[in-house]
Structure formats: structure tokens, C-alpha cells
Amino acid sequence: MLKKLLKYDLKSVFKYWWIAAIASLGLSAAGGFCISVMMAEKDVPALIAVLIVLTLLFSIIGIVAFSILSYILLYVRFYKNFFTDEGYLTFTLPVKRSQLLNSKLITCVLTMLCTATVIFVDIAIMLAIGADKSFYRELLWALSPLFEELLEAPVSAWIYLCCWGIMFLIFLVLSNIFSTLFMFACITFASVITKKQRLLPPLVFIM
Amino acid sequence: MNILECKNLSKSYRKGVPVLWNLNLEIPAGKIVGLLGPNGCGKSTLIKLISGLLQPDSGEILVGGNPIGEHSKALISYLPERTYFNSWMKVEELVMYFEEFYADFDTNRAFKLLYDLGIDPKAKLKALSKGTKEKVQLILVMSRNAKLYLLDEPIAGVDPAAREYILSTIVSNYNPEASIIITTHLITDVEQVLDDFVFLSYGGKILNSGNAEQARAESGKTLDQLFREVFKC
């Protein structure tokens, strides 16, 4: 039953998420183009420069808005499923209560991982389009001492580094889980206090 | 065998104001039972306790011998007094949703009923009128071969022609080995389909109950008239 709950939770969230993800990728491409124009052209008319900067600003805001939208989609899904009339359907399904919560939790973790991946791709697209060859040359030159040290390091250092990398990933996933559970707790707490103020749950979470 | 047993059931929403108090109720299998009472007497509360939406303060509920939980919910088909859809779905997606979660769901019957009512399965739920949504909800509930059907005010707020349709759908599509509990205060429309009745008063007191036909024969009155006598203001 958990798989079925997960299927419909993911369907509900990703129905709108993927549209926002594509928009975010488009905005990052636009932002990358603006960066490339700014770096290539030295003498740009003032109006064009303003437009370029505004477009770049808008694309960065759009990417940030995409990550916030992911949280909003998850919040709305949890709230509607548990605290509105949809709860009549949710709580009369022949499933365990723990399965209802676990499904929401797994959906949140997967959505945030996908969101993080898309944002990473956004930054990569911006750099790929916007940065010219000299940027990459300078970046490689700045990082080359680090690479040389790593290559000369003993195997134990590599193992140590890998362990830290794995721990970092585990910490990332765990922090995602805990922040999701905290969001659920805030929504539940605020909904118990009042059913009238729909803005109270996200405010409690933000505070 | 009783499909439903409520033993010393109590529930209150505010301290000192019980909605249900030590209610004892048994519903045998294969009966259509009218749970009748004035507004605010605890009919919907009782239905919600049986369906697992609320937790009782004390007492026990058994459905098919199972306490309220995962197994009892698989036996119960519940129609609440309000629409409860995921509004982002289409009608056919909701039918598939019910098919996936309920092993006793008859998909062919559901699509047949939708076709009979002229409801497009590909229509989005949020585009449907209130009355059509209620009909879709009723079709989904009655397309299950459940052991216990809980219908909370199924004909409230609908026109007389629609009421007749709803009642005929209920009678012609339910599992005959199952029981139906219908809560309503529109008794005249419903009493023709009832086998048994329960008059529920404030605090969850059962003032009268029994076979509907027998009650009419003994008193020479309709259930509606009996109700008005018992609950006279």
C-alpha cells in the first residue's frame, strides 16, 4: 500500500513541479546568455546593459523561486491531504497511519533531491553558456595545487575523504528528512490551534 | 452475525458535553438501516467513529469482528456529507485510484454507472458541478462490494428527482449480503428503502429502534410521523 500512496503523492507534486523545473532551466539559459554578453561586449548601450542585468536578476530570482515552489507544493499536498475535506478520503483508506506519513516523507525527500539536482544543473548551464574559456583556465589554475596534493596523497587519505563525502551525503539526506518532519509538525501544530488562518502553518515553519 | 457492534461508545468534543454517551448498537448483516435523528444528535459523529475518522473517548467498535483500523476500513464503504476528491484528478483517474486501494472495487460497474449518467470519465473533477461531483462520489462508493456501507446524508441538498435516483442507485448496486447505514433527517424519502430504523437522540440515546415495516404496522403511522411524535419540539 505504501507504493500506491507514494505513486499518487509523487504524481500530485510532480504534476506542477516539472513545469517549474523546465522554466527554471530556461531561466538559467537566459541568465547564462546575459553573462556571456556582459563578458564579451565591453561597450554596451546603457539601456541594453540595464535590460541584461534585469534579465540576469530575474533568472536568478526565478531559480530561487523554483526551490521555494517545491516546498510550497509539498506543504500544500500535506495540508490538503490531512487537514481539508480530502482527509475524508485519506483517513478512510485501508492503510496504516504510519504509511500515510511515510509516503509524504519519502515524497518530500525525493522532491527536494530532484530540486537540488535541477538547481545544480541550472548553475552548470549558466556557467557553460556564460563563462568563456579564460574563466575555466583561471579556475583550473586556481584548483591545480589542490589536484596535485590529492594525486600525491596516500590511499588512506582518499579513503578518509570518501568517508567524509559519504557522511556529508547522509547528513544532507537526514537534514532533509528532519526539516520535512519539522514542516509537518508546524503544519499540524498550527492547524490544531486554528483552522481559519491558512497562512499560520507556513509562518510557524519559517519562524 | 452482526456486521457492526458498538459497545459503551462515548465521544465528546468539549469537556462535559458528550455527543455520544455509552451508546450500544448492533447492526446485523444484510439490512438497510436508517439512523434517524434531529440535527446535532450525533449521527455523523457515530458514522465518523465507525469509519475511523474520529477516535472514541471510550468504548469499542467492531466491524465484522475487527476493531477500527486497516482491516475494518477495507470492509467499509463510506460516503461523507461533503465531497472529498483530489481536485487535480480526472474522473477516470479517481476510478483507478479506488481500484488500486480497494480490492472489492468493481471498475466495470463504476464506468457503467458513469456512462448511464452521462458523466465523461475524462472530465476534470474541478470542472464538474457540485451535483455531478456528488453523483461521482456515490458511484465510487456503491461500486464497491463492501460489507458495510456508511452513507452520511446522501440526499441532503439535492432535488427530489436526484434523491429518487440516488436511492435507486443505492438499492440496486449494493452487495445484498452487506448492510447499509443511512443517516438522514429527510425520512419521507428514505423510509421506503429501509429494513430497520434507529431513532437517535441528543447524547447518543437510542429512543426507539426496530423493523420499519413492523413499526408502521403496529402504530399505523409512517416512520416520518413516528419521528415527529418522538422528537416533537
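Just so it is clear, the structure is predicted and the values come from calculations on it, not from any experiment. In what follows, every chain begins at residue 1, and chains take the letters A, B, ... in the order their sequences are listed.
Within a 6.0 Å sphere centred on NZ of B:Lys147, other residues, nucleotides and ligands contribute 12 heavy atoms or fewer. Heavy atoms from other residues, nucleotides or ligands lying under 6.0 Å from CZ of A:Phe58 number 12 at most. Within 6.0 Å of the OH atom in B:Tyr13, the count of heavy atoms belonging to other residues, nucleotides or ligands exceeds 12.
No donor-acceptor contact under 3.5 angstrom links the side chains of B:Tyr97 and A:Lys4, judged on distance only.
There is no contact between B:Gln137 and chain A, counting heavy-atom distances below 4.5 Å. Of the atoms belonging to B:Phe85, it is backbone heavy atoms, and not side-chain ones, that fall under 4.5 Å from chain A.
Taking the charged nitrogens against the carboxylate oxygens, A:Arg97 and B:Glu70 have no contact shorter than 4.0 Å, which rules out a salt bridge.
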When you look at B:Thr83 and A:Tyr88, which way does the side-chain contact (heavy atoms from CB on, under 4.5 Å) test go after all the steps? CA-CA 9 Å; B:Thr83 49; A:Tyr88 280 88; over 6 Å; no

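For the options A:Thr90, A:Asp85, A:Val95, heavy-atom pairs under 4.5 Å to chain B are most numerous at A:Asp85.
Between the CD atom of B:Glu100 and the CG atom of A:Leu93 there is a distance of 11.5 Å, given to the nearest 0.5 Å. In this structure, A:Tyr8 OH and B:Trp88 CH2 are separated by 7.5 Å, a value rounded to the nearest 0.5 Å. In this structure, NZ in A:Lys15 is found 9.5 Å from CE in B:Met89, a value given to the nearest 0.5 Å. Note: B:Phe98 CZ to A:Leu89 CG = 5.5 Å, rounded to the nearest 0.5 Å.
A:Leu5 places a side-chain heavy atom less than 4.5 Å from the side chain of B:Phe101.
Between B:Tyr102 and A:Thr92, the shortest heavy-atom distance links the atoms OH-O, 3.3 Å.
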